[in-house]
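All residue numbers in this chain count up from 1 along the given sequence. Start at 1 and go down the list; that is how both ligands and their atoms are numbered.
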Amino acid sequence: MTALFATESSREVIRLLEQAGYEAVFVGGAVRDYVLGKPAMDIDIATSAKPEQVKAIFPMTVDVGAAHGTVLVLMDGEPIEVTTYRTEGTYSDHRRPDAVQFVTSLREDLLRRDFTMNALAMTKDGELIDLFGGQQDMARQLIRAVGHAADRFSEDALRMFRAVRFAAVLNFDIEEDTFKAIRSHAPQIQHISVERLKAEMDKLFKGSNPVKAFHFIQQTALASHLPLFPENVDKLGQMVPYETAIEGWSCLMVAGDFTPGAVAKAYKLSNAEKSFLLSVQQAYTRRSTELFTLDDLYKFELAVLQVVEKLVHVMGDARQVLSNLDITSMKQALPIQSIADVAVTGKDLMMWTGLRGGRWTGEWMSKITRAVLHGRCDNHPNNIKEWFLDEFKREK
Ligand code: ATP
Ligand code: MG
């Protein structure tokens, strides 16, 4: 391998650990992504040094999980996770090891990792260490558990969902024994916290082939043990690729005929995500019967309008389908995007009428907003003043 793996600072971390007499290598997703020719995200280093020994070598460290062996080293301002070689003890709850034990061999550390592609290691000079055939599996585009698949899923049930998530992200298949083990252990996914499932779902939605994951979820029966999942996966897959995770959640809601509240509750969505789904539901109901009106274009944010237009199209009840570009230019063509764009304020109304402010100011500002939006009045102070005084007199 000619191109140098990882950053200069992370190689420096390994160099210093080696200088102090310890072993240290790159591990995890960054090595996998490098072999796949993808840019490495977070860089993880595994070492034979214990956390205390790591901290003694580097002046700038942060304790992020010393009990589990992880120390964050700040090298030239770059945060690099350094984790002591470890094995995980017994798992009595299908999700967390009862205890971790530090070990001295890299092999033991790699054995505890989930899939062969995630159990690769690389030296600072770019030499690949592949003890479980990870490269071969990657060449065949296969996700294969390290060791005995059934045991590995029984230890930590999240691994089953990681398998389907990686299938979506990498567009890989799941190796046969690994697949069977997921099918026989599917009910154990219920031991996994919703937060961790939600994080995997977000990554799955943004993957290059979410449909593949949806089918795996269904075929392995994981679907019936998840907090909420549509029965009709074909419907769910119709809107791919999703540009954002929230687009995926919107589609899951519509495909499963779930309410925004039900989805938000089942997967503990954030308030922002929940309100996005609420808007999608409202706009979807409107758009199913007619084209977006000026009021819809004004009321809903662009991202909601775009998701809904796409939804209406794939769910097959649209009368006319607009592209994202159409929606964007229709929204941009509105005379105002929000009340803040109106050329006058409540103070102007008070000045023109000589009245003190009150509830009427807000009410009239929304009437003016509507008039401007619908083109009954140009968005200029003089035009608004004329329109307003006319209407105001008439209503008195
Ligand atoms: P991503 O690209 O999403 O970060 P990743 O493989 O780096 O994927 P991480 O959660 O960052 O995933 O974990 C880093 C490494 O730790 C993995 O590559 C794998 O070796 C190991 N790992 C993570 N979660 C598990 C797990 N539940 N069981 C076993 N090994 C795991
Ligand atoms: Mg990672």
Side-chain angles (χ1 to χ4, degrees), residues 5-7 10 25-47 64-65 68-70 72 79-91 93-98 100-101 103 106-122 128-135 137-138 143-172 174 178 181-182 185 188-189 191-193 195-208 210 213 222 245:
F5 172 73
T7 56
S10 61
V25 286
F26 295 111
V27 286
V31 179
R32 175 198 67 224
D33 290 343
Y34 174 76
V35 174
L36 293 171
K38 293 180 165 197
M41 302 313 261
D42 31 56
I43 291 168
D44 293 319
I45 291 173
T47 181
V64 287
H68 290 94
T70 304
L72 195 68
I80 295 151
E81 274 197 10
V82 178
T83 305
T84 306
Y85 292 163
R86 58 175 214 222
T87 59
E88 294 171 352
T90 50
Y91 291 72
D93 60 359
H94 307 296
R95 55 172 185 252
R96 299 267 189 214
D98 301 328
V100 306
Q101 283 131 26
V103 293
L106 172 63
R107 183 187 166 80
E108 276 184 274
D109 180 89
L110 296 178
L111 263 171
R112 71 160 166 100
R113 295 175 183 270
D114 48 5
F115 306 112
T116 58
M117 64 183 184
N118 287 344
L120 297 170
M122 194 178 256
L128 206 57
I129 302 167
D130 179 6
L131 306 181
F132 311 106
Q135 285 176 99
D137 286 336
M138 279 196 282
I143 298 161
R144 182 198 305 270
V146 172
H148 192 243
D151 294 345
R152 305 313 310 284
F153 296 140
S154 184
E155 288 167 0
D156 178 359
L158 181 71
R159 289 172 188 155
M160 299 189 283
F161 211 67
R162 279 172 62 87
V164 297
R165 183 262 283 193
F166 283 120
V169 170
L170 304 174
N171 191 15
F172 276 19
I174 301 178
T178 305
I182 297 178
H185 290 73
Q188 291 178 4
I189 200 70
H191 298 292
I192 300 303
S193 76
E195 288 85 349
R196 294 172 86 197
L197 291 177
K198 152 85 169 49
E200 293 298 326
M201 282 289 264
D202 282 339
K203 289 184 180 178
L204 188 162
F205 283 136
K206 285 185 285 181
S208 64
L222 278 173

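- Residue, atom and distance of the protein heavy atom nearest to atom 27 (N) of ligand 1 are D156 OD2, 2.9 Å.
- With values rounded to the nearest 0.5 angstrom, D202 atom CG is found 11.0 Å from L197 atom CG.
- T116 and A145 get closest at one heavy-atom pair: CG2-O, 4.1 Å.
- The shortest heavy-atom contact between D109 and T84 is OD1-O, 4.1 Å.
- For atom 20 (O) of ligand 1, the closest non-hydrogen atom on the protein side is N118 O, 2.9 Å.
- For the salt bridge (charged side-chain N to carboxylate O under 4.0 Å, His left out) with D114, the qualifying choice from R144, R162, R32, R159 is R162, the only one to do so.
- In terms of protein heavy atoms, atom 28 (N) of ligand 1 is closest to R159 NE, 2.7 Å.
- Residue A30 comes nearest to D42 through the heavy atom pair CB-O, 3.6 Å, listed as atom of the first residue, atom of the second, then distance.
- With rounding to the nearest 0.5 angstrom, the CG atom of D137 is 12.0 Å from the CZ atom of F132.
- Here the heavy atom of the protein found nearest to atom 11 (O) of ligand 1 is D42 OD1, 4.4 Å.
- Listed by atom number, the atoms of ligand 1 under 4.0 Å from G28 heavy atoms are 18 (O).
- L106 contributes atom CG, which lies 6.5 Å from atom CG of L131 (distance to the nearest 0.5 angstrom).
- For atom 14 (C) of ligand 1, the closest non-hydrogen atom of the protein is D44 OD2, 4.0 Å.
- Checked by distance only, ligand 1 and R152 stay at 3.5 Å or farther apart across all their nitrogen or oxygen atoms.
- Ring planes of F115 and F153: tilted class, angle from 30 to 60°.
- Annotation: the span from R152 atom CZ to M160 atom CE amounts to 13.0 Å, rounded to 0.5 Å.
- Summary of contacts: the protein heavy atom closest to atom 19 (C) of ligand 1 is D114 OD1, 3.6 Å.
- Classification of E195 and K198 as a salt-bridged pair fails, no side-chain N sitting under 4.0 Å from a carboxylate O.
- The Mg ion (ligand 2) does not have D44 among its coordinating residues (no N/O/S atom, backbone or side chain, under 2.8 Å).
- When hydrogens are left out, the protein atom nearest atom 2 (O) of ligand 1 is R32 NH2, 2.9 Å; that is the closest non-hydrogen contact.
- Of all the heavy atoms of F161, none lies under 4.0 Å from any atom of ligand 1, so neither backbone nor side chain is involved.
- For K203, every heavy-atom contact with ligand 1 shorter than 4.0 Å involves the side chain, none the backbone.
- With hydrogens left out, the protein atom closest to atom 15 (C) of ligand 1 is R113 NH1, 3.7 Å, a heavy atom.
- Put simply, part of F166 is less than 4.0 Å from ligand 1, judged by heavy atoms.
- The distance from ligand 1 to the heavy atoms of R112 drops below 4.0 Å at these ligand atoms: 29 (C), 30 (N).
- Per residue D42, closest N, O or S atom to the Mg ion (ligand 2): atom name OD1.
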Test log, rule side chain to side chain contact (heavy atoms under 4.5 Å, CB included), inputs V31 and L128: CA-CA 9 Å; V31 179; L128 206 57; 3.7 Å; yes
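- Relative to atom 17 (C) of ligand 1, the option among R165, E155, R162, R196 with the closest non-hydrogen atom is R162.
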